[in-house]
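One structure below.
Treat the numbers as computed from the prediction; the structure is a model and nothing was measured.
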Amino acid sequence: MRILALNASPRRDGNSSQLLAAAASGATASGADVSSVFLADQVSGVLDDCRTCRGSDGRCTIPDEYESLLLDQVVPADGLLIATPLHYYGMAARLKAFFDRVFCYTSAAAPEADRVLSALPGKRIGLLIASEETYPSASLGLVHQVQEIARYNRQHLVGVVYGHGNSRGDVANDPRRPLDQATELGRTLFTAPATDYHFDTPRGHSVWGV
Ligand SMILES: Cc1cc2nc3c(=O)[nH]c(=O)nc-3n(C[C@H](O)[C@H](O)[C@H](O)COP(=O)(O)O)c2cc1C
């Protein structure tokens, strides 16, 4: 299975990076083929008005590496590990741009729309959040937004790890051991249950089948 690990922090060596490295190591240990991307290397532009920046061939002309990131790395991935710092109670802006700009590649005018649309469903997602504050609802808006994006794309949000810290690497001092939790999330990305029932979903009395 292929996993793409996305670090949305502006800091290459910050807390999100540590969480993501731990998750990637768990995924690699489970046999997954993991590649990592520091989002700032590939995404510098935000979504603009497609009428002004879509080329005559239908391609997005925002001058950065987003297209190759999406088409060559996100599309073929079976799973995404996404690490972001909490910024003003939401995701880092570059991650929002990453999600927003999928729009440019799924509209009818986009030459690769069918390929992108058919690759969206089914991906399993692990979310890793670095934040300074520890109160449970600080990250709620961010988690809810990623959950809704996953639902909209028919993907599965498998789990969320919260790591608390501020200075670079501080997350390693968090007594809740988020790095261990991240390793476990990576290890089980394709095996952990990720259920979302409807009233008629076939199921037994025990979640765990015992
Ligand atoms: C612009 C900005 C906004 C932030 N907003 C919050 C916040 O709303 N709540 C919080 O707990 N921490 C906030 N933080 C702190 C970071 O989430 C925290 O330092 C995190 O560990 C940084 O992760 P990183 O090292 O991966 O960048 C903010 C930091 C920055 C730079």
Side-chain angles (χ1 to χ4, degrees), residues 1-46 64-66 68-70 72-74 76-101 123-134 138-143 145-147 149-150 155 157-190 192:
M1 301 299 260
R2 296 170 73 163
I3 293 179
L4 182 63
L6 294 170
N7 179 2
S9 171
R11 296 202 286 198
R12 197 178 290 274
D13 56 351
N15 293 312
S16 306
S17 164
Q18 292 229 353
L19 290 168
L20 195 58
S25 76
T28 302
S30 76
D33 176 4
V34 184
S35 51
S36 300
V37 165
F38 184 57
L39 223 47
D41 288 337
Q42 304 202 306
V43 180
S44 52
V46 296
D64 61 12
E65 303 302 313
Y66 183 86
S68 64
L69 170 64
L70 182 67
D72 302 337
Q73 295 185 270
V74 176
D78 303 294
L80 302 175
L81 290 167
I82 300 172
T84 179
L86 187 67
H87 279 177
Y88 291 109
Y89 308 102
M91 64 182 70
R94 200 169 266 107
L95 182 59
K96 185 62 166 57
F98 167 81
F99 285 124
D100 288 350
R101 287 177 59 189
K123 293 189 197 303
R124 290 173 78 92
I125 295 175
L127 178 63
L128 306 128
I129 302 172
S131 74
E132 192 175 354
E133 294 169 272
T134 61
S139 299
L140 217 54
L142 164 49
V143 174
Q145 191 170 23
V146 173
Q147 176 79 73
I149 292 168
Q155 298 166 339
L157 179 59
V158 176
V160 183
V161 171
Y162 306 89
H164 298 113
N166 193 21
S167 56
R168 287 165 215 257
D170 201 17
V171 78
N173 302 317
D174 182 340
R176 291 176 186 152
R177 306 177 70 83
L179 298 182
D180 291 347
Q181 294 177 40
T183 304
E184 184 63 7
L185 177 59
R187 190 183 69 77
T188 59
L189 191 67
F190 295 111

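- Counting all heavy atoms, side chain and backbone alike, A83 lies closest to S16 at CB-O, 3.6 Å.
- Sorted by first then second residue, the salt bridge (Lys or Arg N to Asp or Glu O under 4.0 Å) pairs that include residues 18-31, not counting sequence neighbours, number zero.
- Here the shortest heavy-atom pairing between A130 and N15 reads CB-CB, 3.7 Å.
- Between the side chain of D174 and the backbone N or O of H164 there is at least one donor-acceptor pair closer than 3.5 Å.
- A donor-acceptor pair is defined here as one N or O able to donate and one able to accept, closer than 3.5 Å; no such pair exists between the side chain of R187 and the backbone of A24.
- To the nearest 0.5 angstrom, Q18 atom CD is 11.0 Å from N7 atom CG.
- Under the rule for a salt bridge (Lys or Arg N to Asp or Glu O under 4.0 Å), R176 has no partner lying at least two apart in sequence or in another chain.
- In this view, R177 and D180 satisfy the salt bridge (Lys or Arg N to Asp or Glu O under 4.0 Å) rule, not counting sequence neighbours.
- Every residue was checked against the salt bridge (Lys or Arg N to Asp or Glu O under 4.0 Å) condition with D170, not counting sequence neighbours, and none meets it.
- Qualifying side chain to side chain donor-acceptor pair (under 3.5 Å) partners for R94, counting only residues two or more places apart in sequence or in other chains: none.
- The two residues G126 and L185 come nearest to each other via the heavy atoms CA-CD2, 3.9 Å.
- Take E132 and apply the side-chain contact (heavy atoms from CB on, under 4.5 Å) test, not counting sequence neighbours, and it matches N166.
- Within the 4.5 Å cutoff, the side chain of D64 has heavy atoms near those of the R101 side chain.
- Residue V34 comes nearest to A5 through the heavy atom pair CG1-CB, 4.3 Å, listed as atom of the first residue, atom of the second, then distance.
- The side chain to side chain donor-acceptor pair (under 3.5 Å) analysis of residues 77-90, with sequence neighbours excluded, yields the pairs Y89-E133.
- Separation of atoms CD (Q147) and CD (Q155) is listed at 11.0 Å; rounding is to 0.5 Å.
- The shortest side-chain heavy-atom distance between F99 and M91 falls under the 4.5 Å cut-off.
- Looking at Q145 and K96, their side chains come closer than 4.5 Å, going by heavy atoms from C-beta outward.
- Within the structure, salt bridge (Lys or Arg N to Asp or Glu O under 4.0 Å) pairs that include any residue of residues 23-32 do not occur (at least two apart or interchain).
- Annotation: salt bridge (Lys or Arg N to Asp or Glu O under 4.0 Å) contacts involving residues 160-169, sequence neighbours excluded, comprise D13-R168.
- Screening residues 20-36 for side chain to side chain donor-acceptor pair (under 3.5 Å) gives no qualifying pairs among residues at least two apart or on separate chains.
- Scanning for side-chain contact (heavy atoms from CB on, under 4.5 Å) contacts around A77 gives L4, L80, with sequence neighbours left out.
- With Y162 contributing its side chain and L128 its backbone, the two residues share no donor-acceptor pair below 3.5 Å.
- We find the CD1-CD1 distance between I125 and I3 to be 12.0 Å, quoted to the nearest 0.5 Å.
- The closest donor-acceptor contact from the side chain of S44 to the backbone of A40 lies at 3.5 Å or more, if one exists at all.
- Scanning both residues, L19 and P178, for their nearest heavy atoms gives CD2-CB, 3.9 Å.
- Two residues are said to be in side-chain contact when any heavy atoms from C-beta on lie closer than 4.5 Å; L20 and L6 fail this criterion.
- Heavy atoms only, all atoms of each residue included: V158 and A192 are closest at CG1-CB, 3.7 Å.
- For the side chain to side chain contact (heavy atoms under 4.5 Å, CB included) test with I129, the passing option among V146, V161, I82, V143 is V143; the others fail.
- The salt bridge (Lys or Arg N to Asp or Glu O under 4.0 Å) search around R12 returns D41, not counting sequence neighbours.
- At a threshold of 4.5 Å between non-hydrogen side-chain atoms, the residues F190 and R124 count as touching.
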